[in-house]
Amino acid sequence: MPHNDYLLVEVGIGDCNVTKILEDTGSSVDMIFKSTLVKMGINLGDMKPSARSLTGFNGSPESMLGTIRLHIHTHGVPKNVKFSVIDVQAPYNAILGTPWIHAMRSIPSTYHQCVKFPGNDNQIVTLRGDQVAARDLLVAEIRNQQTATHVNTVATQKNPPPAGRDS
């Protein structure tokens with residue numbers, strides 16, 4: 001069935017299984033949200049402060065709180081990941097961008113809703129996406145847009161300016 005769903009996966013981070021993690025090939029950082037760290041019981045004092053800001057696809061900067069290294073384990077493959085920490089509301093718990101994708105030597109596919117990578121025995125492992133969660137996020141996003149008070153409109157001019165004359 002055709003779809004345009006996000007690729008959301010579940011991975012182990014520290015002692016927790018964390019759901020709704022966005023695989024994003026367009027993100028140059030691995031990102032985790034402060035609220036996720038709090039839910040996981042991670043000591044925010046372990047975070048290394050940072051004055052950097054991240055720029056989203058719309059060009060707006062978002063200040064980082066800092067960075068934190070966390071142990072991720074997926075199908076028996078462990079990686080220590082440096083996450084950028086930000087304090088914003090998001091529909092997912094973390095974003096795994098190109099640093100993690102490359103470290104895992106993985107191939108994410110939104111179309112197939114999975115991520116493939118070499119396991120510890122060099123056999124290919126498949127991490128399946130949670131398409132139901134992705135659809136739920138999409139439906140919630142659409143509902144949010146429908147109830148938003150800010151609307152962009154485009155209107156045609158009633159009396160357009162006269163066209164220039166060629167001499």
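Just so it is clear, the model here is predicted, and its values are computed rather than measured.
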Heavy atoms of P99 and S27 approach each other most closely as CD-O, 4.1 Å

Calculate, to the nearest 0.5 Å, the distance between atoms CD and NE2 belonging to Q131 and H112 respectively. 12.0 Å

Are V18 and Y6 connected into the same hydrophobic cluster when the rule is that any two of I, L, V, M, F, W, Y join if their side-chain heavy atoms are below 4.5 Å apart? no

If hydrophobic clusters are built by linking Ile, Leu, Val, Met, Phe, Trp and Tyr wherever their side-chain heavy atoms come under 4.5 Å apart, do M104 and L96 end up in the same one? yes

Do any side-chain atoms of residues 29-48 form donor-acceptor pairs under 3.5 angstrom with protein atoms, and if so which ones, sequence neighbours left out?
{"unit_1": "D30", "atom_1": "OD1", "unit_2": "G97", "atom_2": "N", "d": "2.7"}
{"unit_1": "D30", "atom_1": "OD1", "unit_2": "W100", "atom_2": "N", "d": "3.4"}
{"unit_1": "D30", "atom_1": "OD2", "unit_2": "W100", "atom_2": "N", "d": "3.3"}
{"unit_1": "T36", "atom_1": "OG1", "unit_2": "N93", "atom_2": "O", "d": "2.7"}
{"unit_1": "N43", "atom_1": "OD1", "unit_2": "G45", "atom_2": "N", "d": "2.8"}

Counting only heavy atoms not in D15, do more than 12 sit closer than 6.0 Å to its CG atom? no

Rounded to the nearest 0.5 Å, what separation is found between the CG atom of N17 and the CD atom of E10? 5.0 Å

Just list the side-chain donor-acceptor pairs under 3.5 Å for residues 69-90, sequence neighbours left out, or say none.
{"unit_1": "H73", "atom_1": "NE2", "unit_2": "G14", "atom_2": "O", "d": "3.0"}
{"unit_1": "H75", "atom_1": "NE2", "unit_2": "T126", "atom_2": "O", "d": "3.4"}
{"unit_1": "K79", "atom_1": "NZ", "unit_2": "A103", "atom_2": "O", "d": "3.4"}

With sequence neighbours excluded, tell me which residues meet side chain to side chain contact (heavy atoms under 4.5 Å, CB included) with T25. I101, P108

Minimum side-chain heavy-atom gap N4-L138 below 4.5 Å: no

Do L22 and I13 belong together in a cluster built from hydrophobic side chains that touch within less than 4.5 Å? no

With S53, which residues qualify under side chain to side chain contact (heavy atoms under 4.5 Å, CB included), at least two apart? P61

Tell me, please, which residues at least two apart from D5 pass salt bridge (charged side-chain N to carboxylate O under 4.0 Å, His left out). R135

Sequence neighbours left out, what passes side chain to side chain contact (heavy atoms under 4.5 Å, CB included) with N122? Give chain and number order. R105, P118

From C114 SG over to L7 CG, what is the distance, rounded to the nearest 0.5 angstrom? 7.5 Å

Who passes side-chain hydrogen bond (donor to acceptor under 3.5 Å, both in side chains) against D130, sequence neighbours left out? none

Same apolar cluster: V115 and V11, side chain cutoff 4.5 Å: yes

Let me confirm one number: the CG-OG1 distance from L8 to T110, rounded to the nearest 0.5 Å. 11.0 Å

What's the spacing between F117 CZ and L127 CG if we round to 0.5 Å? 5.5 Å

